[in-house]
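Here's the structure we're looking at; comments come further down.
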Amino acid sequence: MNALEMFQEGRPDWFTSEGREQKIKEYIRLADKLVWKRQGSFLAASVLTAFYFDAVSIFTFYGIVVLTEVLDLHLGRAARNWDGSDAIVGRKILKRIAVNTVLSAVAIAAFIINIALQQEATGHFTPLFFLISASVFAAMYNSQMSGILLLRLSIYGAAFLYIALIDIFKFFPPLSSTIWLEFWTIVFVLYFIADISIKFYTGYEQQMKYVALLKEENERTKTALEVKSRFLSIVSHELRTPLTSIIGSLELIRRGHGGTLPDNVKPVLDIAARNSQRLASLVEDLLDLQKLEAGEMEFIFKPIDANDLVQEAVESAEGYASKLGITVETEFCTEPCQISGENKRLVQVMNNLLSNAIKFSDEGSTVTVRVEVIGAHVRISVEDQGVGIPEGSREVVFGKFTQVDASDIRKVGGTGLGLNITEQILDRHNAVIDYVSEVGVGSTFFIEFDRIKNVKALPGDRKEITQAA
Ligand code: ADP
C-alpha cells in the first residue's frame, strides 16, 4: 500500500464526499494565490543563507524548489478546468496533488537539511526556524485536505528529527549535554506544530459544516419562497375571475338592469359593491407583489414626459377626489422633463400616491401635485394637508401589509401594500421615493427620476435616449 492509498484508506471521503471538489479547488486557489508569497520567502531564505554558506548548493536546492512550484502551477491549471463532474479526473488531480506535495516537501526539507549539514557548530537555529515557518505555513494554508497536510508535515517532521539527530550521531553526547536539550526541544516543537495543524484542520472542517448548513438553509428558504409565490399566484388568479363577474353583476343590478330595486336593498348592494372593489384591489396588489418578487413583471421602458404622466394620473383621480370633497391642483414643469419608464406602471405609482394623499386628507383640503427639474433629476411630489405620518414610521409606510393606523376603527381602507409595490416599481426605474410629513399638518411624497434628453424619434416605437448631464 503506497502513501496515497494509506491516506485514502484513512479518509475514504476524499474521493467520495461532496466536498471533494470544493476542497481541491480551495486548495488550488490558495496555492495559486500564495505563489509569490512562497517564492518571496524561498528567495529571501536562499539569499540570506547563501551569504553565510555554500551559495552553489543553496541555489541548486532553491532551483529544485522552484521546479516543484512550476509543477504546482501546471497542476493548478488542470484543476481549474475540472468541473467536478468526472470523478476519474478528480482522482487524477488528487494523485498529482499528493505527488507534488511529496516532491515539494522533500525539496524544501533537502534545502533546509543542506544548511544544517553545513553548520559546524551545534544549535541549528536557522534551519529549524525555516522548518517551523514552512510547517506553520502548511498548517495555515493546506488545512482543506488533512491527508495532504499530513503528508507534508510528515516529511517536515522527518527533516526535524534528522536535523536533531545530526549532532547526536556526530558527538554521541551524554544525556546531560545541551545537544540532548535541543533534541527534546525539537520534539516539543514538533508536538506544537502537530497541535496547531489539528486546530487549523478542525477549524476548517467546522467552517465547511457551517457553509453547508447555510447552503441547505438557503435552499429551503428558496423553495419555501417559490411555494409561497406559486400559492399567491394561483389563489389570486382563482379569486380574480369570479370576483370580476361578481363586480359586473352587482353593477348591472345597481343600474336597474334586473328591474327596479326596493329602497332597502340599495344600501346593501352598495356595501357589497364597495367591498368587492376592495377585494379586487387586494387581489391586484397581491398579484403585482408576486410578479415583482418573482421578477416576472415586465417593464418596457420608453421616454415619458413627466407632465403628461401627472396629467393622466390626476385626471383619473379627479372622480375619487371630488367624491371626498378634495381639490387636486397641479404645478407643471416649464422646462423639458422627460424620464424613461414603463407608462402603465408609473401611472400605477402616481395613482397610489394620489389616492393615499386624497384618502388621508380632510374634506375641503387641497392636494398639490408638482413636477420640477432638480439638476439632472425630475421630481414629482404629491403634497397633502391631511393627517400626516408620525416620525419613525418609514418601515411601516413602505412595509408589506403594514399601515400606520392598523386599528379596526381606522377610517380609510387599504391593503398596506401600495407603497411597497410603488417602491419596488420605482426601484426598477432606478428612481427613489421618500416623504416628509408632520402629524396634523400634512405629508409630501416625492419620487425622483433621472432626467433624459435628446430623444430622437426612430422608426417604429423605438426611441434613442441619452441621459441628461
Ligand atoms: P394603504 O393601502 O394602507 O394605503 P400604502 O402602502 O399605500 O397602503 O400606505 C401604507 C401606509 O402609509 C398607509 O396605511 C398610511 O398609514 C401611510 N400613508 C401613506 N400615504 C399617506 C399619506 N399621504 N398621509 C398619511 N399617511 C399615509
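Atoms within a ligand are numbered from 1 in the order they appear, just like the ligands themselves. This chain uses plain numbering: 1 for the first residue, then up along the sequence.
The contact set between ligand 1 and L417, taken as ligand atoms under 4.0 Å from a residue heavy atom, comprises 6 (O), 8 (O). For ligand 1, the atoms lying closer than 4.0 Å to a non-hydrogen atom of K359 are 1 (P), 2 (O), 4 (O). Heavy-atom contacts of L419 reach the following atoms of ligand 1: 5 (P), 6 (O), 7 (O), 9 (O), 19 (C) (cutoff under 4.0 Å).
Of the N and O atoms on the side chains of E383 and T368, not one donor lies less than 3.5 Å from an acceptor on the other residue. With no hydrogens or angles considered, no side-chain donor-acceptor pair links D288 and Q424 at under 3.5 Å.
Contacts with ligand 1 closer than 4.0 Å are made by side-chain heavy atoms of N352 only, the backbone lying farther away. In F445, the part holding a heavy atom less than 4.0 Å from any atom of ligand 1 is the side chain. Under 4.0 angstrom from ligand 1, the non-hydrogen atoms of T402 all belong to its backbone. The proximity of I389 to ligand 1, defined as any non-hydrogen pair under 4.0 Å, is limited to the side chain.
When side chains are defined from C-beta on, I380 does not count as touching R370, because their heavy atoms never get closer than 4.5 Å. Looking only at side-chain heavy atoms (C-beta outward), V349 and R345 stay at 4.5 Å or farther from each other.
Ring geometry for F449 versus H429: interplanar angle over 60°, hence perpendicular rather than tilted (30 to 60°). Y191 and F188 have tilted rings, their planes meeting at an angle from 30° to 60° on a 0 to 90° scale.
Checked by distance only, ligand 1 and N356 come closer than 3.5 Å through their nitrogen or oxygen atoms. For a threshold of 3.5 Å applied to N or O pairs, the pair formed by V387 and ligand 1 contains no separation below that value. In terms of N/O distances under 3.5 Å, ligand 1 is not approached by F360. Not one N or O of G388 is nearer than 3.5 Å to an N or O of ligand 1, by distance alone.
For residues 233-248, every residue pair satisfying the side-chain hydrogen bond (donor to acceptor under 3.5 Å, both in side chains) rule, not counting sequence neighbours, is listed here: R240-E284.
With sequence neighbours excluded, the residues satisfying ring pair (Phe, Tyr, Trp, His ring centres under 6.0 Å) with F129 are F125.
Judged by the shortest distance from any of its heavy atoms, S443 lies inside the 4.0 Å radius around the atoms of ligand 1.
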